[in-house]
Amino acid sequence: MSNALFITTLPLLCFQILQSLFPSLRQSSDGIPASPQEVLALLAMKRAFEDPRHQLRSWNESGVGACSGNWTGIKCAQGQVIGITLSNKGLGGSLAQQVGQLTSLRKLNLHNNLLSGELPGTLVNLRNLRGLYLFRNNFSGFLPAGLGSSSPGLQAMDLSYNQLEGPVPESVSLASRLLRLNLNNNRLNGTLPATSWVAATQLQYLDLSSNALSGSVPEGLSNASSLMFLNLAANRMSGSLPSSLGNIRSLQSLNVSENFFSGTIPDSLGNATGLTTLDFAHNNFSGSIPSSFSQLGNLTSFDVSYNSLTGIVPPLRHNFSSSSFVDNAGLCGYNGLPACQAPANATGAAPSPSSPAARAPAAAPALAPSSAAANATATVHHKRHRLSTVTIICIALGSTLVGVAVVCCLVLLLCRRDVAGSGSNDASGGGAAGKGAAAAAGQQSTEEEGEVGGKLVHFDGPLLFTADDLLCATALVLGKSTYGTVYKATLENGSHIAVKRLREGIVKSQREFEMEVNVLGRIRHPNLLALRAYYWGPKDEKLLVFDFIGGGSLAAFLHARGPDTALDWRTRMRIATGTARGLLQLHVIEHIIHGNLTASNILVDASAYPIISAQVSDYGLARLMTPAAISNVLIATAGSTGYRAPELDKSKKPNTKSDVYSFGIVLLELLTGKAPADVSATEGALDLPDYVAGIVKENWTAEVFDLELLKGPYAPSEEELMTALQLAMRCVTNPPSDRPEMDEVLRNLEELSPPAEVKDDGSTTPSK
Ligand SMILES: *[C@@H]1O[C@H](CO)[C@@H](O)[C@H](O)[C@H]1NC(C)=O
Ligand SMILES: *[C@@H]1O[C@H](CO)[C@@H](O)[C@H](O)[C@H]1NC(C)=O
Ligand SMILES: *[C@@H]1O[C@H](CO)[C@@H](O)[C@H](O)[C@H]1NC(C)=O
Ligand SMILES: *[C@@H]1O[C@H](CO)[C@@H](O)[C@H](O)[C@H]1NC(C)=O
Ligand SMILES: *[C@@H]1O[C@H](CO)[C@@H](O)[C@H](O)[C@H]1NC(C)=O
Ligand SMILES: *[C@@H]1O[C@H](CO)[C@@H](O)[C@H](O)[C@H]1NC(C)=O
Ligand SMILES: *[C@@H]1O[C@H](CO)[C@@H](O)[C@H](O)[C@H]1NC(C)=O
Ligand SMILES: *[C@@H]1O[C@H](CO)[C@@H](O)[C@H](O)[C@H]1NC(C)=O
Ligand SMILES: *[C@@H]1O[C@H](CO)[C@@H](O)[C@H](O)[C@H]1NC(C)=O
Ligand SMILES: *[C@@H]1O[C@H](CO)[C@@H](O)[C@H](O)[C@H]1NC(C)=O
Ligand SMILES: *[C@@H]1O[C@H](CO)[C@@H](O)[C@H](O)[C@H]1NC(C)=O
Ligand SMILES: *[C@@H]1O[C@H](CO)[C@@H](O)[C@H](O)[C@H]1NC(C)=O
């Protein structure tokens, strides 16, 4: 990849994004100066802040430049302030009540400061507010009455880690577009709103933990039918849990630990089969653990310790440690627990105290994919970031690869709508209505319509980001691939995601696309890049969201690495085996042909260098494309030249053998250090198999290998090198029927791998 390519394409990319997503706005400022009233309100806010680090120096008392992009943290449209972002600025003092005069404000982001005093009651005047992020400050006093429902478009509210007290206002249960509500670690007391919560149909994430809330869980809470994450832990709540909680079929995580709950654990929760986490610890639950919990195939975290439970532990899908059950009145029949007393004289029906595996439930279908899903879910949870910190204003385009500085910076989210229109309060109120069934659709995935319109679907877990966050993330161009441009997007909390923007006009109809993308979104394997979400915009923009892998592509890693990054035999074999495992999973379990494997779409995670793991990306994307697009796009892409099996030129469909060919090229690349994609201007692409065959034939065999391979403590023997080379050559042989399948390839590679190969799941396999 050359600098020149990037430099010349960047302005074009900027332009395309602008054109298609945000035709109305081309700069961070639209040139309309702030209205005097807005300036006065901002200056009043500045005066109420304490600003020891002079972060607000640009907020000139003359008011000049407030809306021209010159004032730190201020975004405007049409002379109205629509976004304030002053997180992590060391601000003290208080939040002035004049903030309520900024009636066009959509995002107020002041988290991680030292602000104190009460929240101004005027926050309820911000009818256009979408995101309120005041967490990790020192605010005290009550929440303003009406907060929540006062802003019909409110999507996220995070006031956690403050000193707020008093009750949770009823109005938060009436906010009909609210997705995330986080009030944890305050001093809230009183009972939860006993409203019906029927308005909260969008609510996915509710965290009220570590407060002083009392009373019982209101029955109506189960009307919040999209809830995935419910945390009431570490409060003073009591009573029994309503059995209607089991009606929340989307529930994935329930934590009620460290309260005074009593009564039995509701049976009905066994119906919420998406549950991965249940924490009932430190309460006074009695009765037995519901046998319906055997149905919870995704449950990977379970704790009922410190209660008054009795009876036999039902068979659970996961082998939980005995600490999950300690200190109960009389649980039996699980690891580390006493054996159950056989009911007297019950012939042959004595419950066996054997291990859970020995008592595999008959009714529950034990599907391999669902346990894979469980594994995936578990790891996903580790990777999840704070949900609350993500709302971003600006997309900047540039390139990390070639160090081109940020080329343009645009206000995306905040500028899409005509602010003059939504300046009147009803505009966003109207928007709140048409939001019905989106979240009801999938258990596995969750949908959300952002204020920008369009549809965002997440494949696992509670929301990491909203559509607005996504479209407005700071983004750098990572490169172009066969089907579109890939960006590294930075969410406001500093975490990264990779976003692929699919080319125009190559994708199937929305219905077909969704069917296929839902298949891809369920694939979870340590060597396959996980698709986390997709977005289908109002103008048919299509975005795919993936994990961001820090090391970049294998192509870049192999051919453009610095002199300090040695790539020894062990590391290369690790990349090869990882890639092979990923491909094997695709072929055998997912029944998907990659069709486009190149060193550019194998990503390497070098965060634990020298231990490097590989993730295959771009798999299955052909399924999303129209047949015409596939042939055009492939022909037009130089990137895959050199990796494509020769038989594909005869318009044959890719199959496992053509994937094996591509893999063989990657293996040759690892062994020789030469890139088939090295297009020299005069000679065209290097044909690696020909090159290798030529050298081998002339008996210069040792010359063919990358010298670096022979260095370091893991240097291979000549025999190992030759075995690897032969394997690679078998993969690229013709006819295709002579090539091995991936299972054989992987077996051979594993035999070659140096001692104590660390697998991607972190375990070590003793090697031969
Ligand atoms: C405020 O802006 C005016 C005009 O741009 C400038 O003359 C003045 O020095 C600025 N004041 C401060 C305190 O920066
Ligand atoms: C904004 O700042 C730029 C330089 O930082 C300056 O050239 C421009 O005059 C400023 N605009 C206003 C309105 O103050
Ligand atoms: C938080 O505010 C309280 C008063 O409400 C004050 O006593 C305390 O020192 C403040 N804490 C910090 C860390 O500023
Ligand atoms: C909540 O705490 C306040 C003091 O912070 C107290 O006055 C009030 O009575 C408490 N309310 C309840 C329901 O405990
Ligand atoms: C909401 O919850 C209440 C209390 O559980 C219940 O009576 C009511 O039917 C629910 N409403 C809807 C629309 O589900
Ligand atoms: C539940 O909440 C408690 C208290 O905040 C916490 O210690 C515990 O780790 C949580 N349980 C799970 C499974 O996250
Ligand atoms: C689970 O759901 C089914 C169907 O709605 C219902 O018949 C059954 O009673 C529920 N089970 C429990 C334990 O609530
Ligand atoms: C726990 O519940 C039992 C009844 O199930 C009751 O007798 C006991 O007092 C309760 N313990 C506490 C600490 O509340
Ligand atoms: C795991 O969760 C998914 C999605 O919620 C669900 O479809 C699946 O049935 C669950 N697996 C089991 C074994 O219950
Ligand atoms: C169990 O059977 C034994 C004899 O087989 C009898 O003596 C005893 O009473 C029975 N116990 C009960 C609880 O039925
Ligand atoms: C479950 O884990 C315990 C140790 O925590 C172990 O002794 C037991 O053999 C395990 N059972 C199964 C079936 O893996
Ligand atoms: C799930 O994880 C366990 C332990 O990490 C592993 O033994 C098992 O093979 C995994 N299952 C699948 C289907 O990946």
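All ligand and atom numbering here is 1-based and tracks the order in the structure. Count residues from 1 along the sequence. Values below: all heavy atoms of this structure, side chains included; hydrogens, waters and symmetry mates excluded.
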- Query: Is a side-chain donor-acceptor pair under 3.5 Å present for Asn185 with Ser160?
  - Reply: no
- Item | Enumerated ligand 6 atoms positioned under 4.0 Å from heavy atoms of Thr277 | 13 (C)
- Take atom OH of Tyr306 as the centre, draw a 6.0 Å sphere, and report whether it contains more than 12 heavy atoms from other residues, nucleotides or ligands. no
- Query: For ligand 6, which part of Ser257 has a heavy atom less than 4.0 Å away: the side chain, the backbone, both, or neither?
  - Reply: side chain
- atom 11 (N) of ligand 7 touched by protein (heavy atom, under 4.0 Å): yes
- Task: Kindly confirm or rule out a cation-pi arrangement of Arg180 over Tyr205, judged by NZ or CZ under 6.0 Å from the six-membered ring centre and within 45° of its axis?
- Result: no
- Query: How does Ser268 reach ligand 7, by side chain, by backbone, by both or by neither, if only non-hydrogen atoms under 4.0 Å count?
  - Reply: both
- Considering the heavy atoms of Gly190, write down every atom of ligand 4 situated less than 4.0 Å from one of them. 13 (C)
- Query: Is the closest heavy atom of Ser301 to ligand 6 under 4.0 Å?
  - Reply: yes
- At a 4.0 Å threshold, what atoms of ligand 4 neighbour a non-hydrogen atom of Glu165? 4 (C), 5 (O)
- Note on the structure: Looking at Asn235, Asn255, Asn259, the heavy atom closest to atom 14 (O) of ligand 6 belongs to Asn255
- Task: Look only at interatomic distance and state if Asn231 has a nitrogen or oxygen under 3.5 Å from any nitrogen or oxygen of ligand 6.
- Result: no
- Task: Could you tell me which atoms of ligand 6, counted from 1 in the order shown, lie closer than 4.0 angstrom to a heavy atom of Asp279?
- Result: 1 (C), 8 (C), 10 (C), 11 (N), 12 (C), 13 (C)
- Query: In the protein, which heavy atom is nearest to atom 4 (C) of ligand 7, and how far is it?
  - Reply: Arg249 NH2, 4.3 Å
- Task: Answer yes or no for atom 7 (O) of ligand 7: protein heavy atom present at a distance under 4.0 Å?
- Result: no
- Ranked by distance from atom 2 (O) of ligand 4, the top protein heavy atom is Asn189 ND2, 2.1 Å
- Message: Using a 4.0 Å cut-off to any heavy atom of Glu258, which atoms of ligand 6 qualify?
- Response: 3 (C), 4 (C), 7 (O)
- Message: Can you report which non-hydrogen protein atom sits closest to atom 9 (O) of ligand 7, along with the distance?
- Response: Asn271 ND2, 4.7 Å
